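Presented below is the structure to which this report refers.
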Amino acid sequence: MKFLDVANQGVKQLLPYQAGKPTEELERELGIHNIVKLASNENPFGLSETAKQAILKELNQLTRYPDSNGFYFKQAVANKFNLQANQITLGNGSNDLLELIAHTFASEGDEVIFSQYAFIVYPLVTQAINAKAVVVPAKNWGHDLDAFLANITDKTKLIYIANPNNPTGTFLTSAEIEAFLEKVPAHIIVVLDEAYTEFTDEQERVPSFALQKKFANLVVCRTLSKAYGLAGLRIGYAVSNPEIADLFNRVRQPFNCNSLALAAATAVIYDEEFLHKVADNNRKGMQQLVQFFEQQGLEYIPSKGNFITVDLKQPALPIYNALLHKGVIVRPIGGYGMPNHLRISIGLPEENQAFINALTEVLAN
Ligand SMILES: *Cc1c(COP(=O)(O)O)cnc(C)c1O
């Protein structure tokens with residue numbers, strides 16, 4: 001007997017998520033120090049002082065279970081964005097929410113729509129529940145929403161949209177999203193995954209919470225992992241119609257967010273100074289990399305996130321490995337069907353420069 005044979009149908013074909021290589025692992029393998037990691041779209045500044053203080057204060061409470069309802073953090077999110085707390089669902093990272101949404105609304109035989117080159121968690125959660133993935137071919141590396149509409153059937157339950165998208169950094173405007181929502185049947189759940197929204201310019205940002213007043217089937221997912229710098233603590237939030245939030249609340253694990261994450265998130269969500277510093281550094285770092293790519297004549301996909309994807313016009317894996325040996329970790333995205341591209345997260349200016357130097361050397365050889 002093989003345990004594979006008795007596993008759930010959807011799980012049998014599932015492949016594990018490929019995470020960015022941890023710094024410690026590379027240090028062990030190659031004996032290199034001062035490694036620059038630009039592989040997982042993490043915050044280059046480290047933990048904000050506000051988050052750190054909140055965590056230290058919470059340490060004494062760690063023998064207790066966390067607040068199952070995340071009262072204070074929901075309150076903070078509600079206040080910040082002028083929402084009601086009963087619209088908010090918290091997740092152990094927004095990955096947890098993306099999965100929770102699939103479990104709540106789709107099952108075997110249902111169809112889930114997302115784009116080619118979209119965030120890899122969408123196919124993973126779809127496969128895990130043995131639903132049918134409807135992958136819409138990308139247009140200029142981004143979402144082709146007209147093609148999404150053409151793929152809606154009476155089996156469609158769920159649509160995932162990443163805006164900006166990871167790993168391509170492509171972006172849909174407010175007008176494009178709204179025109180799309182107008183045409184989607186009201187019983188189909190549309191998930192707008194806005195993991196990188198804090199890096200976009202405020203004027204161009206999609207007013208997604210306002211759109212929810214008109215489109216009750218719109219679920220917005222956000223995370224504290226990227227701009228807010230809490231990737232290791234695992235916390236994100238979904239904003240939806242209260243009726244939908246009530247359903248999520250039934251399906252989620254009762255203690256899916258830990259006490260330290262709740263405390264840190266409640267503090268940092270109001271830390272506008274930290275957020276501005278992060279966004280400002282990102283803007284400058286993006287310019288630094290774009291300028292380098294243009295000087296080198298390398299083709300890149302214009303990005304609204306905290307990362308940029310470059311087309312090397314040759315297999316990216318050997319170049320990724322050569323960069324590793326120079327102590328720079330970036331992200332190969334062959335798993336996304338982009339074997340000639342590398343994704344580089346924006347770091348501190350000196351980290352970006354280390355990548356620029358390393359790639360220049362590697363390409364010269
Ligand atoms: C990083 C990322 C997330 C967030 O992941 P967490 O689980 O919150 O750390 C969600 N969606 C996309 C598109 C991402 O790139």
Side-chain angles (χ1 to χ4, degrees), residues 16-20 22 37-44 47 51 70 73 77 88-103 112-126 128 135 138 141-143 158-172 177 190-200 206 208 219-239 248 252-253 256-258 260-262 264-265 268-269 278 282 301 303-309 330-331 333 335-336 338 341 343-346:
Y17 177 83
Q18 299 283 335
K37 187 183 177 204
L38 302 174
S40 300
N41 303 343
E42 294 152 337
N43 190 312
L47 203 58
F73 182 49
V77 173
I88 301 166
T89 307
L90 303 183
N92 189 25
S94 57
N95 272 278
D96 183 30
L97 295 164
L98 296 169
E99 189 187 350
L100 179 60
I101 294 166
H103 277 295
V112 178
I113 303 180
F114 49 84
S115 180
Q116 180 188 22
Y117 310 129
F119 190 40
I120 210 138
V121 168
Y122 313 151
L124 291 181
V125 299
T126 303
V135 185
W141 303 105
H143 294 61
L158 203 54
I159 297 173
Y160 286 107
I161 296 173
N163 201 42
N165 181 46
N166 172 21
T168 59
T170 51
F171 186 70
L172 294 158
I177 299 270
V190 178
V191 181
L192 199 55
D193 179 357
E194 297 189 322
Y196 301 97
T197 197
E198 295 85 3
F199 296 103
T200 60
V206 176
S208 34
V219 177
V220 177
C221 290
R222 300 259 179 103
T223 180
L224 281 283
S225 294
K226 308 284 160 59
Y228 290 102
L230 301 183
L233 280 176
R234 315 300 306 127
I235 188 157
Y237 57 93
V239 177
F248 292 157
R252 73 175 174 93
Q253 288 185 27
N256 61 337
C257 297
N258 71 77
L260 297 183
L262 288 169
V268 80
I269 194 105
V278 169
N282 195 67
I301 306 174
S303 168
K304 300 275 186 191
N306 65 344
F307 55 87
I308 185 161
T309 297
V330 296
R331 189 64 157 268
I333 47 176
Y336 281 90
M338 299 172 70
H341 285 79
R343 190 193 69 192
I344 301 99
S345 306
I346 307 296

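This is a predicted model, so every value here is computed, not measured. In each ligand, atom 1 is the first atom listed, and ligand 1 is the first ligand listed.
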Ring pair (Phe, Tyr, Trp, His ring centres under 6.0 Å) between Tyr196 and Phe307, worked out
CA-CA 10 Å; Tyr196 301 97; Phe307 55 87; 5.0 Å; yes
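- Scanning both residues, Ala39 and Arg331, for their nearest heavy atoms gives O-NH1, 2.7 Å.
- Of the residues Val268, Leu262, Asn256, the one that meets the side-chain contact (heavy atoms from CB on, under 4.5 Å) test with Ile235 is Leu262.
- With hydrogens and angles disregarded, a donor-acceptor distance shorter than 3.5 Å links the side chain of Thr168 to the backbone of Trp141.
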Put together the list of close N/O pairs, under 3.5 Å, between ligand 1 and the protein, could you?
unit_1   : atom_1 : unit_2 : atom_2 : d
ligand 1 : 5 (O)  : Asn95  : ND2    : 3.1
ligand 1 : 7 (O)  : Ser94  : N      : 3.1
ligand 1 : 7 (O)  : Asn95  : N      : 3.0
ligand 1 : 7 (O)  : Asn95  : ND2    : 2.6
ligand 1 : 7 (O)  : Arg234 : NH2    : 2.6
ligand 1 : 8 (O)  : Ser94  : N      : 2.6
ligand 1 : 8 (O)  : Ser94  : OG     : 2.9
ligand 1 : 8 (O)  : Thr223 : OG1    : 2.5
ligand 1 : 8 (O)  : Ser225 : OG     : 3.4
ligand 1 : 9 (O)  : Ser225 : OG     : 2.6
ligand 1 : 9 (O)  : Arg234 : NH1    : 2.8
ligand 1 : 9 (O)  : Arg234 : NH2    : 3.3
ligand 1 : 11 (N) : Asp193 : OD1    : 3.2
ligand 1 : 11 (N) : Asp193 : OD2    : 2.7
ligand 1 : 15 (O) : Asn166 : ND2    : 2.7
ligand 1 : 15 (O) : Tyr196 : OH     : 2.6
ligand 1 : 15 (O) : Lys226 : NZ     : 3.3

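- Considering only heavy atoms from C-beta on, Phe171 comes within 4.5 Å of Asn163 through its side chain.
- Using a 4.5 Å heavy-atom threshold, the side chains of Leu172 and Val206 count as separate.
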